[in-house]
> 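I'd like to ask you about the structure that follows.
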Amino acid sequence: MKLGARKPDWYIFCVVAALVGIGIIMVFSSSQYFAQYEYDNVYHFLKKQLLHAAIGFIGMFCAYQFGYKKLRYLSYPIFAVVLVLLAAVLLTSAGDEAGGAERWLNLGGFRFQPSELSKLAAVLAVSKYISINYRRMDTGKYGFWPLLALMGVTCGLVFKQNDLSTAAVIAGTLFIMMFVGGVQLRYLFGTMIAGAAAVLAIILGTFRIARISAWLDPWSDPQGYGFQAIQSLLAIGSGGLTGVGLGAGGSKWYYLPERHTDFIFSVLCEELGFLGGLIVIALFAIFVWRGLVVAVKCEDTFGAMVALGITTMIGLQAFLNLGVATGLVPVTGITLPFVSYGGTSLVMSLTSVGLLLDISSKTGEK
Amino acid sequence: MARKKIEIKTRTTGLIILLLIMFSAVLFKLAFVQFVQGEKLQAEAESQRTREVVISAKRGTIYDCHGNTLAVSISADSVYANPSVVKKSGQAESTAAFLAEKLGMDKDKILSKITSGNAFEWIKRKADFDVAAAIKEADLPGIDLVEENQRYYPQKELAANLLGFAGIDNQGLEGLEISLDKNLRGVDGSIIGYFDVVNQEIPQTAQIYNEPTDGYDVVLTIDENIQYFAERELNKVMASELDPKSCSAIIMNPKTGEILAMATRPTYDPNNYGDYTTKDRRNPLVQDSYEPGSTFKIVTASVALEEKTASLTSRYYDPGYYAIGGHKIKCWRHYKPHGSQSFAEVMQNSCNPGFVKIGLDIENKTEGLFYKYIKAFGYGKQTGIDISGEATGIMIAETNLKPINIATISIGQGISVTPIQMVTAVSAVANGGILLEPQIVRQIKNGEGDIISDFQVKEVRRVISEETANTVCELLESVVTKGTAKRAYIEGFRVGGKTGTAQKVENGKYADGKYVASFIGIAPANDPQVVCLVLIDEPKGYLYQGGQIAAPLFNAIMTDVLNYMGTVSQISQDNAGKVWGEQEKQQIPVTDVTNLSLAAANKVLSIYGFKVKSSGSGEVVTGQTPAGLTHAASASTIALSLGNNSKNNGKLTVPDLTGRHISEAAEILGAMGLSLKKIGNEGTAYEQIPVPGSLVNEGTMITVNFQIPSQDVTVLQP
């Protein structure tokens, strides 16, 4: 078979497959109670997530077969299409702003979240730009400013959809790609300071200081901003070393919000304990390590930057999610890659991993 | 190019390290949350997700000494709602309407309850059986029934004031139900179940079931039959023309301290305790105090004999009063002083001046001696009986004690005691001088019938010697056979006892015309098995003396009690006593009713408390036995002979009005066809013109001087 002949990084594949498997089990466990209550079917979310996973693995295989190299020529068009889609979400939901985060786009009966697509699209576009301009990346005119503009447009559009966390993940990823891609550190420090100021302004403006104090001490506002953090900590704290047993946790009885998406790790730690949590964290650490090794080994700058971008993005998003669940970072709505329930996210993540595997099989090529 | 590659390599390696540090931070935070804060968080999560439903313990049964049930818990269904289920069903309106109709409650009130935000709402506690069955049948979503215990008193009023009652949560609220609550209550159990945020129970989760521990059963010393005899007679008294404010009886076994009956009227039905006032629910035998009057003379006599300040051979002279500290303590029979009497006669006559002398003699021997004994008899503090709200009675502080106080206390005035103290103290005399703690609980048993605690006689102290005690018992028997308590005499039994009539104190003054008539008796006198105290509070009408009304009540109760107990019938020491007493010892001046019509004679004599028997035919009374101006025992029968020819030209004999209230005097004179001119507007007749026995024409004005008896010392009744 062709896969075997090309020798992709099997560590990455196994780690991702394990995470997806754990995810499917935990989606079922965390959703069964309210699935029964609201859909009269305990398997409601399990079935859908199995379908997402199947599509995702097909996407992974297609991406692997298609190969990243051809994407070099499609990077800008893809990015342009995604920007249009992001704008379309904003336009279609213009009158619906009070409804909160509107991230969905419906195309011919197929609902998906363009912001999920934008992550990969931004990575591809930045990789292409760096691979073309790597000689003058240390200049402001050709290195720093164009990328900053790209980052600003993407993050701005995503943030406009009330998706601060995804915007932050994209900003962080692109920032790291710029750093590794050779942008001068003085620019990057400036960006960091500006970025920190922007985040601070957003926090003070949109989310108010109460969120920060609720982060430092969730019990200061147990029914308000501290609520989700408290429920997450109660779930995790109930787990101990080995957990209360798969399916036996009580946080899913509507106590813990977003139990099958943003806080699925909390349910996992409740039911499988510290050991379960340790395995998940370790799998992500292995993924990050192997993914970045692929980036380092890749002789092709475009391939290296794509590998770096995909790995960093997934790693950052995982860190943010795990940090929120454990109370390490303030509560913000973000899913755990591969594990949380969610179609677009899982399909895009697995498709990205397909590209990563393709790169890993071609590290010697230019 | 090479420089570029190296830069990517080093910067990426730095990135790997950074990301691994970040993941390590997550891992450390995870460990901190799970291992350091875990216990606290787990407990909070558990309490957030669990709800406790209390299962009440079955309250113990209260039995009488023969195992008859006095109070029992029966199960009744309570209706409750789980509002979230009701709301989800969408049938809240119709459910509320159905429940409102079945339970006879307000529909809106039910609706707001069954749609509240709580996990649990009571709709109706302890619903009627058929209503509960109908609701169960309807099987409404979110409406359920739970079995609870309902207190039931099968004998209704019987011993109600003693038993008290338990409330809706099976908590003792009054009487024995509260004083024995710790034994009866048991320990509630619970079901701890898991619930979600909207208060739906989680299916297939383990419920923690804490089994309730049922309360202990209590066997009382009360004998249902004796209690019934007492209450039956009290009912009769309440329904009689005496129409007292209240009356009560307490019966005690002097050898063990067991209370055999404790009854009072008015009473209530503890099954519907809410329908009655707290006044009806009191237990005055333990919770209230009264001035004992002459019954207290038992204590005075006991102390005097014990301290040998008096002996059976001592003699006392009664001039009709005793002068002390500027006061004259009058004898109840001051109009006909007892004169010279033996100690026994002082007792039999209940002579006040005699007892004042006896009391003062005790105090003269050693100061404080009398009080020491009074306290030793248990007065001035709680007896310790296991009934809530026991009063202590009121005693003048020893430091304020003056000779006049000793004098009045000797005759039972100026001291306030509880009925339970009184019966306990006299029981000590009946028990050979040893004071016992009165007890109401015979046994406490658990659900399996194992005895948790059994009856034990609790000896408090020896108060007087056995010899003294026996002598006092004999004296008390002579009071019944020869003295003021002849109406307490029970054919075939040796009964001893003492009457008492005390004017009531209201607002610090003796209230005119308000008396507590009492009698305390022991039987059989030579081997006491029971001590019985009866009290009649504020009788209406002309009869208010202990000897007149309390002794007959004692007699009525004890006749049944003694027969029921199978007490060996014993002929009194003085077999002829009853007949002899009626002839020999007069108490009440017999009015000469010659020349009155039979109806008028009847009325006049009945006011004085006599019965009337007539013979012959005719319109006027021509003769009577006993004759006018003699004295006869109260309630004895006056035989009248009727004829058509009046005597002495139809002249009437002026009656003796001494000691009568204005209204009584007016009624007597009115019935006789004489008119009253009163001097003074309050009190009792003090002197009269013409004097008793004078012959006057019909319509003659009789001038009567009324006076209030002095406030601190009153004319005392036997």
Side-chain angles (χ1 to χ4, degrees), chain A residues 33-34 36-37 134-135 137 176 179-182 230-241 243-244 248-255 265 269-270 273-274 277-278 281-282 284-285 288-289 291-293 295-296 298-299 301 304-305 308 311-312 315-316 318-319 322-323 325-328, chain B residues 1-51 84-85 88 119 192-206:
Chain A
Y33 183 75
F34 83 101
Q36 174 65 43
Y37 191 67
Y134 71 92
R135 282 174 202 281
M137 280 310 287
I176 284 169
F179 164 67
V180 175
I230 288 175
Q231 293 304 329
S232 177
L233 290 176
L234 291 183
I236 294 173
S238 301
L241 182 64
V244 298
S251 61
K252 66 182 73 157
W253 302 327
Y254 284 99
Y255 291 100
F265 184 67
C269 290
E270 180 185 20
F274 178 74
L278 175 68
I281 293 171
F284 275 108
V288 166
W289 166 53
L292 294 180
V293 166
V296 170
C298 187
E299 297 291 320
T301 307
M305 291 317 292
L308 175 83
T311 308
T312 306
L316 276 183
F319 167 76
L322 300 177
T326 54
L328 200 62
Chain B
M1 271 304 289
R3 189 189 69 86
K4 199 89 222 166
K5 283 288 166 212
I6 288 163
E7 206 157 79
I8 288 179
K9 241 178 201 171
T10 50
R11 287 190 177 185
T12 308
T13 309
L15 183 62
I16 291 175
I17 292 166
L18 176 71
L19 284 169
L20 290 183
I21 288 171
M22 285 159 74
F23 282 120
S24 303
V26 171
L27 195 63
F28 278 114
K29 183 72 204 284
L30 179 67
F32 179 74
V33 171
Q34 292 198 305
F35 300 129
V36 179
Q37 300 180 309
E39 212 164 306
K40 187 180 135 269
L41 292 170
Q42 189 177 7
E44 193 179 330
E46 195 76 2
S47 81
Q48 187 185 47
R49 296 167 193 167
T50 53
R51 309 277 189 278
S84 70
V85 178
K88 203 187 165 207
I192 298 170
Y194 287 92
F195 286 79
D196 70 15
V197 156
V198 290
N199 290 316
Q200 297 204 92
E201 196 168 357
I202 309 297
Q204 287 146 19
T205 46

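Quick note on labels: first sequence line is chain A, next is B, and so on, each numbered from 1.
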> Check whether B/Ile16 gets within reach of chain A through its side chain, its backbone, both or neither, counting any heavy atom under 4.5 Å.
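Both the backbone and the side chain of B/Ile16 come within 4.5 Å of chain A.
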> Kindly assign one of parallel, tilted or perpendicular to the pair A/Phe319 and B/Phe23, based on the angle between their ring planes and the thresholds 30° and 60°.
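Plane angle over 60°, so perpendicular.
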> Could you check which of A/Ala295, A/Cys269, A/Gly277 has the highest count of heavy-atom pairs closer than 4.5 Å to chain B?
A/Cys269
> So, for B/Met22 and A/Leu316, which heavy atoms are closest and what is the spacing to 0.1 Å?
CE-CD2, 3.9 Å
> Report the C-alpha distance between A/Phe179 and B/Thr12 in whole Å, list the side-chain angles of each, state the deciding distance to 0.1 Å, and finish with yes or no for side chain to side chain contact (heavy atoms under 4.5 Å, CB included).
CA-CA 9 Å; A/Phe179 164 67; B/Thr12 308; over 6 Å; no
> With a 4.5 angstrom heavy-atom cut-off, which part of B/Gln48 approaches chain A: side chain, backbone, both or neither?
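For B/Gln48, heavy atoms of backbone and side chain both lie under 4.5 Å from chain A.
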> Shorter than 4.5 Å, heavy atoms on both sides: which option in B/Glu44, B/Gln42, B/Arg49 has the most such pairs with chain A?
B/Arg49
> Of the listed residues (A/Ala248, A/Gly291, A/Ala325, A/Gly273), which shares the most heavy-atom pairs with chain B below a 4.5 Å separation?
A/Gly273
> State, without any angle test, whether B/Asp196 and A/Tyr33 hold a side-chain donor-acceptor pair at a distance under 3.5 Å.
yes
> If you round to the nearest 0.5 Å, how far is CD1 of A/Ile176 from CG of B/Leu18?
6.5 Å
> From the options A/Val296, A/Val180, A/Leu308, select the one residue that forms a side chain to side chain contact (heavy atoms under 4.5 Å, CB included) with B/Arg11.
A/Val180
> In chain order, what residues pass the side-chain contact (heavy atoms from CB on, under 4.5 Å) check against B/Phe195, with sequence neighbours excluded?
B/Arg51, B/Glu201
> Table please: side-chain donor-acceptor pairs of residues 233-240 of chain A below 3.5 Å, with sequence neighbours left out.
from	atom 1	to	atom 2	distance (Å)
A/Ser238	OG	A/Leu234	O	2.7

> For the candidates B/Leu19, B/Leu30, B/Val33, which exhibits the highest count of non-hydrogen atom pairs separated by less than 4.5 Å from chain A?
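The option with the most such pairs is B/Leu30.
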> Could you tell me the separation between the CD atom of A/Gln231 and the CG atom of B/Leu41, rounded to the nearest 0.5 Å?
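Separation between the atoms: 10.5 Å.
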> Can you tell me which of B/Leu15, B/Thr13, B/Leu20 forms the most heavy-atom pairs within a distance under 4.5 Å of chain A?
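Ranked by contacts with chain A, first place is B/Leu15.
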> How long is the span from the CD1 atom in A/Ile281 to the NZ atom in B/Lys29, to the nearest 0.5 Å?
12.0 Å
> Within the supplied structure, the quantity of interest is the number of heavy atoms (other residues, nucleotides, ligands) at a distance under 6.0 Å from B/Glu39 CD; does it exceed 12?
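No, the 6.0 Å shell around CD holds no more than 12 heavy atoms from other groups.
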> Should we count CZ of B/Phe28 as having more than 12 external heavy atoms under 6.0 Å?
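Not more than 12 within 6.0 Å, no.
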> Under 4.5 Å, counting heavy-atom pairs only, tell me which of A/Trp289, A/Phe284, A/Tyr37 racks up the most with chain B.
A/Tyr37
> Below 4.5 Å from any heavy atom of chain B, which atoms of A/Ser251 appear? Answer side chain, backbone, both or neither.
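Both backbone and side chain.
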> Find the distance between CZ (B/Phe32) and CG (A/Leu328) and round it off to the nearest 0.5 Å.
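Result: 11.5 Å between the selected atoms.
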> Which atoms of A/Leu292 are under 4.5 Å from chain B, going by heavy atoms: the side chain, the backbone, both sets, or neither?
both
> Let me know if B/Ala43 has heavy atoms under 4.5 Å from chain A in its side chain, its backbone, both or neither.
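Answer is neither: B/Ala43 stays 4.5 Å or more from chain A.
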